[in-house]
Every structure is written in structure tokens, then in C-alpha cells.
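Everything on this sheet refers to the single structure shown next.
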Amino acid sequence: MKNNLFRRTLLTVLALAVPITAWADISGTATLNSGQGFNLDTGTMTSGTGGDIVFTGSSMTYVGSAKGGSLAALGISGASGYATVTPTILQALVSFASNAPISAGSLPVGTVVGLQTNGGNGSKLLVTAITGSSLSFQYTTYETTAPTGPTITKVLNNYSYIPAGFVNSGIAPSTIFTIFGNNLAAPSTGAAAGLQDSTHGIPTTWNGATVTVSAGGKNFTPGLYYALPTQIAAVMPAATPVGPATVTVSYNGTSNAFAIQVVANALGLDSYYGTGSGLITATNPTSGVLYNYTNSAPTGQPVVFWGSGSGANALDSDTTYTTSPHPVNQSNTQFYIGNQQATVLYAGSSGYPGLNQYNVVIPSNSQTGCGVSVVGVVGGVTGNFGALPIEPGGGVCSDPALGYNGTQLSTQVTQTNYSAGTVELFQSTSPATSGTGTTTTSLALGTFEQNTGSTTVTTSGFISLGSCIVTEVVVVTGTTTVTTTGMDAGTITVTGPGGTVPLVSEASLFPSIPSFAGFYATISSTGTSTLPAGFITPGGTYTFQGTGGTTPPTVGPFKTQIVFSNPLFQWTNQAAAATVTRSAGQQITWTGGSPGTYVYMSGSSSNGSISGGFTCFSPVEAQAFNIPGFVLDTLPASTTGAGNLAVGNSTVPVNFSATGLTSGGAALGGLSYSINATYK
């Protein structure tokens, strides 16, 4: 966690610039009124939908792949500091990037901002005036003297975003796919940047870019929904043969090719936030109204899911709208809602090139909640996982065991500036770091922080009881656009049957690494602040109390309690789960835990280049849960003991309030067990 926090701090102040060997300057001055944007590559104003930056009145935001940040933390400011920012300095910052907006309050006159433009060029600007309605600045963009050709970084299903290498990756014929990169096409503004009207046919050339797919010794030219400098959306021609292929983008007199795999089918379902996960886009088949946290899908009724990747039907066009669309692989399509198979009424073309629709009936006895899992399987290949709010009569969703309802979620998910706190008491049993046996550790935590640039509810991880979710990633180090500031909560203690123990600051626990204000802990394995042996007992009540802080930003006094079950939760079939046959699924059994709480099961497997993970939730009363084969099949096979599997039980979150916490606080406790596992 410490490395991520350190990186996150750097990302808010440093700008990324690509290496450039020969430079030609574009310099000038500009004034942006609220809502206006600016293209630093061309030195022109935009309406706010194109270019590199937009001034909103409250912040300066980045457009597309443009990134940057204030250089104030590096001591660079004013006209003299602006003059010192050279292409060489920008190149030295190539390892850091951020597209987080910069608030107007962080842009006083004299602020120097370093940027990478959508055209891949290094740029700097100096704030010369700022009000609530306008931003004035001086700028210089360092451009290459020769035209820059396209660079392709990845090619993915437009909806699933599943990386290459997984069994459910690849692009099927008649699939909308997205090409990511730089300098793929000319910049667009206004209507030119929008999706094509496919009822009139989508073009094969747009904004100067053309795409060619080479497979089986033949070349195919896809239609394009849009073409921008950093992204192109195209439709894989129906006649493209299955097997290895290359995608080539031609623009500005040069071309770049990228290897892909064309597969028979690889379903991607559209998600509400367009990231391949989170809330799945589902609509009412009659009204077209979108289902969400406050308008849940009703049980026993049909809904329409949208996506791409079922394969091709030669009767439908990949470039023009079809008034009488046809089924595609309908007999080989299954949908699972909350791990329960649902009835598929229709699976095939929507009429729009590459866009599939799936008319599916929510089971009458479906699990309900704000995040019931949804996944489609076509031809035995599992697609991306998402979630759908479901209630018997529709309306506001509810997950009482998880402490959420739809009203809370719909409010929180739109927040980008908030403060929250949690106190937690956990006991974990895991394999010993050396030798055989296990290690049991008790941990009390308190975390209080302000966040900007992110929503309070993640769009990918929230699922309801009885559901599973899968995450598939390429093994790389990531970045974040969230700015987090720790909050002073004063002195925090936890009192239980075993006595009272103080939580100490992160700086006290980990003196050798940079500390994070707002993080408090006591761990049974440390000598700084040690929980007594047997601190967590069956039926024990534990009281967290904070005195309130004095150094801004602060949290006011608070008091809250956690109650553990009697008997305590136990995972009972650990030995049987050490080897997982993915296609067969895996049974998990347990005892104990308080009624009304839940059990979570999570695991991951990696082959060194890709990593897959899953999480499932079950009511504790069930005492058993079968992790489905269609969930585990998405994970890569692992070498002996290289994967992991964890099972735990958490108390129902107890909400508490304190001054300074705009989103309130939550207290919870739990017990967990983890083992090394082999996924075959």
C-alpha cells in the first residue's frame, strides 16, 4: 500500500511526456471561458468536446488521453520556472502520469503545468490570470518536425475489455472492437467526433484513418463508428476467418500493425460506465428505460442486454443498419443471473452493425439486490461479468446484509469529493511465510480520508449475496487519478473482553517507509501495539472510540461497536479446496457466523503474464456455496500452489457519524482463512 500511496502523490504533480528527438515549438497565449477547451497541438480553441484541456470554472480537466499536473511540488512556478521546463525535463518525467482534474484553487497565477497532449507531444503552460469564469495562460508545445505515424497499444472487444491471453479474449467476426493507441487519426471536434449514423452506413475511412484486417491470406476493411487520435471503434468483417490476424491502422501516410486473435465468439456485454465491469446496461424491452439502482429490474420479467461478440450471421450487414436483424448463435447462448441460468428469448443482431442484443427473462426466484451478477456464455466461452439491480417489484434495490440500498448507491456513485472513515477488527489465518503450518493474526484498523477525483462506490466490485464477479488483468503496475488526504481522528482505542488497546499511527507501525496520515492500526504480530492473545472471542462485543483530531483535516469524536458471532465462523473443507478443477466448480462449506451476515469467497490464479481473480458472496445461513465452473474457467491455470483461495465472514457494517465525514463511517469485523491453491 505504501508504494501505491507514494506513486499516487507523485502523479498529482508530475506530467508525462513521450521521448521526442527533434523539436519545433508552437507558442502563444489563450483565454478560456467556462466550458471552453483548447487544443495544445494546434493552438486552437474548442467547444469543450475536443482538444486537450477544458476549463469548467471550478477546475481544468483533461480530454481524451491528455495528461498533466501542476509542477508546484517540484518548486517550479512563475515565469522563471516556466522558462526552465524544457523538452529534456519533460522527458525525465516520462514514468509519471495523471489525468486528474486540477481544481481552480490549485491554479493561482504563476502556476506551471506540464502536459502530454492527445497528439503525444510535450507541452507546458503558465497561468497568467484566473477567475470563476475564465482562465488565461501562456503555453508552449514541443512538436516533432516530421509527421508522426500511428502507434497501436492494444485491441479489445469494445464492451468486455478482456485483455489478450485469456481463454475468453479475442475478437469475433461482426464484433465492434476498439483500437487504442496514439496518432491513430486526426483530432475531431463537435459532430465530427461523434458516432457515425449507421442507418446511412458507416464509412471505412474517418478523420484520415483507415483500418485493415489481414487474416487467412486475405485483407478486409472494417467500417468505422469513430476515429480519434487515441481510439478507433470498428466492426470486424463477418468474413474474417478464425485464427491469427493483424490489425493495421493507416494515417498520415504511415501505418502500424498489431497482432490479434480472431475467434468464433467472445461475448462482451456493455456496462453502464463503459469499462467492461460494474452495472450492466440493461433496458426495459417495451419502454427502453435503463435499469439502475433506483429503478431495479423486476423478477420474472424480460430485460434487454446489449453487447458484441456472439459471432457473425452473413444475412446481416457490418456497415449498414438492418431493418430485419437475425439471431446469432442463439441456441448456443446461455445467461446466468446471480449464478442461476435464465431463459434466453433472443440472441443476435440488433440491426446496428456489430451490436448484439439479448432478450433475457429474469428468473422469478432470482436472487435480489443492487449487484446481482450477470454473465453470458456463448459457445461455451464465458464473457465479462457485470451486475444488475434486481427486486421483485422493481424500484429501489436493497442489500441489507451488505449495508447498502439503491438510494445510497445512486447518491454516492456521483460524488467525486467526499470524506469517509472505517474501523475494522479482523482475524486472519494464512499459510506460514516459511515452513509448514499456519499463522493467525489479529488486526484492528482505522482509516479516515478525504478523496477527490473518484466516486465513493467502485463500479466493478459491488455484488450482492449469491453472486460472483470475475476480474481479468494483464500483470502490470497501474496508476490512479484519485487524490487522497488523511484525516486526523485523534486517539483511537478498541475495547473488548480482553481489555483496551490503542490504535497507533502508521508512522509508528512502519517507521522506515513514508506514512499516510489518517491510517491507524494495531496488529498482533507487531511489538508497537499488540492485541492480547485471544482478543477476538465468541460472542464478544468490541467498542471503537475516537477522541477527535486537532490537525486539519479532522474527524470529530465518535463511538461505535462490533459484535462477533457465537460460535465463531470456521471454513470446514480447506484441504479439499487446495486443488481446484476449474471446469467442475468448487464447493465451499463452513459453520458458525451470525445470522444475517455473509460469507465471501475469493481466489486468484496467474501464469506470470495474466492474472484472473473472482469473488463470490453467500448468506452465512447457507453453510455451503458452489463456485460455478463458468466462473473458474475464466482464470488461467496455475502451477502447484501458485494460486490462492480465501474464505471469510464479515459482520453487517454498523454506520456511525462524526463531524468531518461527509459520507459517514462504518464499523465491521470478520474472520478469514486463506490457503495456497492450484487451479487446474
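Here the structure is a predicted model, which is why all the values come from computation and not from measurement.
- Although no hydrogens or angles enter the test, the distance criterion places no donor-acceptor pair under 3.5 Å between the side chain of S59 and the main chain of T61.
- Within the 4.5 Å cutoff, no side-chain heavy atoms of L224 are placed close to those of I202.
- Considering only heavy atoms from C-beta on, F614 stays 4.5 Å or farther from T471 through its side chain.
- Under 3.5 Å, the side chains of S133 and S34 contain no donor-acceptor pair of N or O atoms.
- Remark: the D41 side chain and the T117 side chain contain an N/O donor-acceptor pair separated by less than 3.5 Å.
- The main-chain N or O of G276 is found under 3.5 Å from a side-chain atom of S271 such that the two form a donor-acceptor pair.
- In this structure, the side chain of N207 does not engage the main chain of A185 through any donor-acceptor pair within 3.5 Å.
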**Message:** Under the criterion side-chain contact (heavy atoms from CB on, under 4.5 Å), I'd like the reasoning laid out for S310 against Y358: C-alpha separation, chi angles, the key distance, then a yes or no.
**Reply:** CA-CA 10 Å; S310 284; Y358 306 90; 2.5 Å; yes

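- Between V127 and L135, the shortest heavy-atom distance links the atoms CG1-CD1, 3.9 Å.
- Side-chain atoms of T634 and F385, non-hydrogen and from C-beta on, do get closer than 4.5 Å to each other.
- For the 3.5 Å distance criterion, the side chains of N168 and T382 fail to qualify, holding no donor opposite an acceptor.
- The heavy-atom pair separating A266 from G170 by the smallest distance is CB-O, 3.7 Å.
- A pairwise comparison of heavy atoms in Y321 and S350 identifies CE1-O, 4.5 Å as the closest pair.
- Rounded to the nearest 0.5 angstrom, F305 CZ and Y291 OH are separated by 9.5 Å.
- A distance-only check finds no donor-acceptor pair linking the side chain of T31 to the backbone of S136 [under 3.5 Å].
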**Message:** Before you tell me yes or no, could you show the steps for L125 and S123 under side-chain contact (heavy atoms from CB on, under 4.5 Å), namely the whole-Å CA-CA distance, both residues' side-chain angles and the distance that decides it to 0.1 Å?
**Reply:** CA-CA 7 Å; L125 64 83; S123 186; 5.9 Å; no

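- To the nearest 0.5 Å, atoms CG (N265) and CG (N356) are separated by 10.5 Å.
- Looking at heavy atoms from C-beta onward, V155 lies out of side-chain contact with T178 at the 4.5 angstrom threshold.
- Geometrically, K124 engages Y82 in a cation-pi contact, judged by NZ or CZ lying under 6.0 Å from the ring centre and within 45° of the ring axis.
- Annotation: side chain of L409 is in contact with side chain of Y293 (closest heavy-atom distance under 4.5 Å).
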**Request:** Please assess T210 against T205 for the test side chain to side chain donor-acceptor pair (under 3.5 Å), listing each intermediate value before the final yes or no.
**Result:** CA-CA 5 Å; T210 301; T205 299; 3.0 Å; yes

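- At a cut-off of 3.5 Å, with distance as the only test, no side-chain donor of T281 or Y159 sits close to an acceptor on the other residue.
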**Request:** Give the intermediate values and the outcome of side-chain contact (heavy atoms from CB on, under 4.5 Å) for residues F180 and T153.
**Result:** CA-CA 6 Å; F180 298 85; T153 57; 3.7 Å; yes

**Prompt:** For Y139 and F38, what are the C-alpha separation, side-chain angles and deciding distance, and is it a ring pair (Phe, Tyr, Trp, His ring centres under 6.0 Å)?
**Reply:** CA-CA 11 Å; Y139 71 93; F38 195 77; 5.0 Å; yes

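- Atoms OG and CD1, on S277 and I463 in that order, are 12.0 Å from each other to the nearest 0.5 Å.
- Side chain of S308 to backbone of G354: a donor-acceptor contact under 3.5 angstrom is found.
- The two residues T615 and S602 have their closest heavy-atom pair at OG1-CB, 3.8 Å.
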**Request:** For F137 and L32, run side-chain contact (heavy atoms from CB on, under 4.5 Å): C-alpha distance rounded to whole Å, both residues' side-chain angles, the deciding distance at 0.1 Å, then the answer.
**Result:** CA-CA 9 Å; F137 56 87; L32 304 183; 3.9 Å; yes

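- For the atom pair CD of Q116 and OH of Y62, the computed distance is 11.5 Å after rounding to the nearest 0.5 Å.
- For the pair P636 and N607, the tightest heavy-atom approach, listed with the atom from each and the gap, is CB-ND2, 4.1 Å.
- With contacts defined as side-chain heavy-atom distances shorter than 4.5 Å, the pair F55/I130 qualifies.
- Here the straight-line distance linking atom OG of S77 with atom CG of L71 works out to 9.5 Å at 0.5 Å rounding.
- Here the CG atom belonging to N219 is positioned 3.5 Å from the OG atom belonging to S214, to the nearest 0.5 angstrom.
- Between V375 and V470, every side-chain heavy-atom pair lies at or beyond the 4.5 Å cut-off.
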**Request:** Could you walk me through whether S611 and S606 pass the side chain to side chain donor-acceptor pair (under 3.5 Å) test, one step at a time?
**Result:** CA-CA 4 Å; S611 177; S606 173; 4.6 Å; no

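- The one candidate from T204, T221, I179 that meets the side chain to side chain contact (heavy atoms under 4.5 Å, CB included) condition with V211 is I179.
- The one candidate from T46, N118, N121, T42 that meets the side-chain hydrogen bond (donor to acceptor under 3.5 Å, both in side chains) condition with D52 is N118.
- Under the 3.5 Å distance criterion, the side-chain polar atoms of N157 are left unmatched by any main-chain donor or acceptor of I171.
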Please set out all donor-acceptor pairs under 3.5 angstrom arising from side-chain atoms of residues 228-241, sequence neighbours excluded.
residue : atom : partner : partner atom : Å
Q231    : NE2  : Y226    : OH           : 2.8
T240    : OG1  : P237    : O            : 2.8

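- Counting only distance, with no hydrogens or angles, the side chain of Y225 and the backbone of P353 share a donor-acceptor pair below 3.5 Å.
- The backbone N or O of T254 sits nowhere less than 3.5 Å from a side-chain atom of N252 that would complete a donor-acceptor pair.
- T320 and G201 get closest at one heavy-atom pair: CG2-CA, 3.6 Å.
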**Message:** Using the rule given for side chain to side chain donor-acceptor pair (under 3.5 Å), can you reason through S174 versus D318, listing the C-alpha separation, both sets of side-chain angles and the distance that settles it, and then say yes or no?
**Reply:** CA-CA 6 Å; S174 295; D318 290 327; 3.0 Å; yes

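- Remark: the T56 side chain and the S58 side chain contain an N/O donor-acceptor pair separated by less than 3.5 Å.
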**Asked** Please walk me through it: do T151 and N256 pass side chain to side chain donor-acceptor pair (under 3.5 Å)?
**Response** CA-CA 6 Å; T151 300; N256 186 236; 5.3 Å; no

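- Using a 4.5 Å heavy-atom threshold, the side chains of I280 and Y272 count as separate.
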